[in-house]
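For this chain, numbers begin at 1 and follow the sequence in order. Because the structure is a prediction, the values reported are computed rather than measured.
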Amino acid sequence: MAASNIVKYGIVGVGMMGREHLINLHHLRTEGVAVVAIADPHVPSQKLALDLAQSFNWPIKVFSAHKELLDSLLCDVVVVSSPNMTHYQILMDIINHPKPHHVLVEKPLCTTVAHCKEVVNAARKRQDILVQVGLEYRYMPPVAKLIEIVKGGSLGQVKMVAIREHRFPFLVKVNNWNRFNINSGGTLVEKCCHFFDLMRLFAGANPVRVMASGAIDVNHKDEIYDGKGEAFVPESIVRHGTRVEGRDGVQTLKAENDQIKYDGLHHGSSYLEHLHFLSAIRAKAKAPAVDLHDGLVSVAIGVAAQLSIEKGRFVTIEEVMS
């Protein structure tokens, strides 16, 4: 592919997820992409990302700050995979930069509803850029298949959605930033925004009110940081049936996607996310598949859930949106 047709990427934040994006983009190199720059103030993360890029034969520029990366004018697309609490300022700086940069921002969009709304409003004024939110669980083959079945109407109108996840304790991050609600937005924003996004898709509706319960009873109870401490899909199988057909009418199918060239940490969904976003950029689409409104609502539900736990009552979406 001619050099002029190569879509050049920069990655802001090259911790675990930033490096995961780097690997995904390497597997997309046949589609005409290249990572040309990274930015991260954390030197050990810089070094790991640089080593990775060198192993891919990708010469990259290394910056310590995102503004330096933007001012270098090297990139067409910026992937924001820095800690949650940094998203707001980085996004505002990208959106307000003279050079247009398309953006793929990791979930959650921001840690507060107010910051999400500011980003949404700022982006409306930039018709020359696409901003996609990294709610990539939509692209996991079994989830995508189930969405397709539900949207097809054969199951009837969805009345209830239940999602259950049993997972390992939260990962160790740089300076343990993810152990604090002030940094992450809270566990229900940080982790569960994925599930809130899927619930909206399955139900085909937005929530009106939220009720949540939660506590720290098992993990991280013995962790203390400066006197403080808090830390508030894989089988690819889809089963579906109808009440009329009963238990014997349940169908089981294996959901796979031949487009996936790299499974990575999210069962190939990050690869498909990048593929779809690249297509939207090349097609000069008006909006990406997962837009800022999706990012805003998924955060708002999480914020409402956190508030519900604190207050012990229902919290309306209107309450957190205003």
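Residue pairs meeting the side-chain hydrogen bond (donor to acceptor under 3.5 Å, both in side chains) criterion with at least one partner in residues 52-61, sequence neighbours excluded, are absent. Applying the ring-ring contact (aromatic ring centres under 6.0 Å, His included) test to residues at least two apart or on different chains, the pairs with a partner in residues 105-127 are Y88-H115. For residues 199-214, every residue pair satisfying the side-chain hydrogen bond (donor to acceptor under 3.5 Å, both in side chains) rule, not counting sequence neighbours, is listed here: R200-N206, R200-D294.
There is no path of hydrophobic side-chain contacts, each under 4.5 Å, that joins L48 to Y9. V7 and F56 fall within a single hydrophobic cluster, where Ile, Leu, Val, Met, Phe, Trp and Tyr side chains are chained together by heavy-atom contacts under 4.5 Å. Both V299 and M321 are part of a single hydrophobic cluster, where members link through side-chain heavy atoms under 4.5 Å apart. No continuous path of hydrophobic side-chain contacts links M211 to L307 [ILVMFWY only; heavy atoms under 4.5 Å].
Partners of H97 under the side chain to side chain donor-acceptor pair (under 3.5 Å) rule, at least two apart in sequence or in another chain, are D71. Remark: A122 pairs with M92, I95 by the side chain to side chain contact (heavy atoms under 4.5 Å, CB included) rule, at least two apart or across chains. Partners of R239 by side chain to side chain contact (heavy atoms under 4.5 Å, CB included), not counting sequence neighbours, listed by chain and number: I237, V250, T252. Applying the side chain to side chain contact (heavy atoms under 4.5 Å, CB included) rule to P288 yields the partners L130, Q132, F277, D291; only residues at least two apart in sequence or on another chain are considered. Scanning for ring pair (Phe, Tyr, Trp, His ring centres under 6.0 Å) contacts around F314 gives an empty result, with sequence neighbours left out. Contacts of L155 classified as side chain to side chain contact (heavy atoms under 4.5 Å, CB included), with partners at least two apart in sequence or in another chain: I149, V150, H240, T242. For H276, the ring pair (Phe, Tyr, Trp, His ring centres under 6.0 Å) partners at least two apart in sequence or on another chain are Y139. Residues forming a side chain to side chain donor-acceptor pair (under 3.5 Å) with K67 (at least two apart in sequence, or on another chain): none.
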Indicate every side-chain donor-acceptor pair of residues 12-24 with a distance under 3.5 Å to a residue at least two apart or in another chain.
| unit_1 | atom_1 | unit_2 | atom_2 | d |
| --- | --- | --- | --- | --- |
| R19 | NH1 | V14 | O | 2.9 |
| E20 | OE1 | Y262 | OH | 3.2 |
| E20 | OE2 | L265 | N | 2.8 |
| H21 | ND1 | H274 | NE2 | 2.8 |
| H21 | NE2 | E106 | OE2 | 2.8 |
| N24 | OD1 | Y271 | N | 3.2 |
| N24 | ND2 | E20 | O | 2.9 |

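Between the Q46 side chain and the D40 main chain, a donor and an acceptor come within less than 3.5 Å of each other. N121 places a side-chain N or O within 3.5 Å of a backbone atom of K117 that can act as its donor or acceptor partner. Side chain of H87 to main chain of P108: a donor-acceptor pair is present (N/O by atom type, distance under 3.5 Å, no hydrogens or angles). Judged purely by atom type and a 3.5 angstrom limit, E256 has no side-chain atom pairing as donor or acceptor with the backbone of S236. Between the side chain of S308 and the main chain of A304, no donor-acceptor pair closer than 3.5 Å is present. With hydrogens and angles disregarded, no donor-acceptor distance shorter than 3.5 Å links the side chain of K8 to the backbone of A37. A donor-acceptor distance shorter than 3.5 angstrom exists from the side chain of K107 to the backbone of E190, with no hydrogens or angles considered.
From I129, atom CD1 reaches atom CD of Q127 across 9.5 Å, with rounding to the nearest 0.5 Å. To the nearest 0.5 Å, atom OG of residue S298 and atom CE of residue M199 are 12.5 Å apart. If you take CZ on F196 and NZ on K191, they are separated by 11.0 Å, rounding to the nearest 0.5 Å. Once rounded to the nearest 0.5 Å, the distance linking OG of S270 with CG of L275 reads 12.5 Å. For the atom pair CD of Q89 and OG of S82, the computed distance is 11.0 Å after rounding to the nearest 0.5 Å. The CD1 atom of I260 sits 10.0 Å away from atom CE of M140, with the distance rounded to the nearest 0.5 Å.
Considering every non-hydrogen atom in both D76 and K99, the closest pair reads OD1-NZ, 4.2 Å. Nearest heavy-atom pair, A49 versus I38, reported as atom, atom and distance to 0.1 Å: CB-CD1, 3.7 Å. Here the shortest heavy-atom pairing between L201 and K151 reads O-NZ, 2.6 Å. Nearest heavy atom pair, residue V131 against residue L292, reads CG1-CD2, 3.7 Å. Of all the heavy atoms in H66 and D93, the pair that sits closest is NE2-OD2, 2.7 Å. Between V297 and P207, the closest heavy-atom pair is CG1-CD, 4.4 Å.
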Could you please spell out the steps behind the side chain to side chain contact (heavy atoms under 4.5 Å, CB included) verdict for V77 and H101? CA-CA 5 Å; V77 185; H101 297 86; over 6 Å; no
Let's go through I11 and V35 carefully: what are the C-alpha distance in whole Å and the side-chain angles of both, what is the deciding distance for side chain to side chain contact (heavy atoms under 4.5 Å, CB included) to 0.1 Å, and is it a yes or a no? CA-CA 8 Å; I11 302 176; V35 176; 4.2 Å; yes
Begin with the C-alpha distance, continue with both residues' side-chain angles, and end with the deciding distance and a verdict on side chain to side chain contact (heavy atoms under 4.5 Å, CB included) for L52 and H26. CA-CA 10 Å; L52 203 52; H26 173 65; over 6 Å; no
Open item on the list: The test is side chain to side chain contact (heavy atoms under 4.5 Å, CB included); show your working for I317 and V210 and say whether it passes.
Closed with: CA-CA 7 Å; I317 291 296; V210 177; 3.9 Å; yes
Pair S45-H42, side-chain hydrogen bond (donor to acceptor under 3.5 Å, both in side chains): steps then yes or no: CA-CA 6 Å; S45 295; H42 189 245; 2.9 Å; yes
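In this structure, the side chains of T316 and V208 stay at 4.5 Å or more apart for every pair of heavy atoms. Between V303 and T112, every side-chain heavy-atom pair lies at or beyond the 4.5 Å cut-off. In this structure, the side chains of Y137 and D197 stay at 4.5 Å or more apart for every pair of heavy atoms. Side-chain contact between V36 and I6 is absent, with no heavy atoms from C-beta onward closer than 4.5 Å.
Other residues, nucleotides and ligands place more than 12 heavy atoms under 6.0 Å from the NZ atom of K254. The local environment of CD in E165 is crowded, with over 12 non-hydrogen atoms from other residues, nucleotides or ligands closer than 6.0 Å. Residue-environment remark: CZ (R313) exceeds the threshold of 12 foreign heavy atoms within 6.0 Å.
Ion pair E31/R282 not flagged as a salt bridge, since none of the NZ, NE, NH1 or NH2 atoms sits closer than 4.0 Å to an Asp/Glu carboxylate oxygen.
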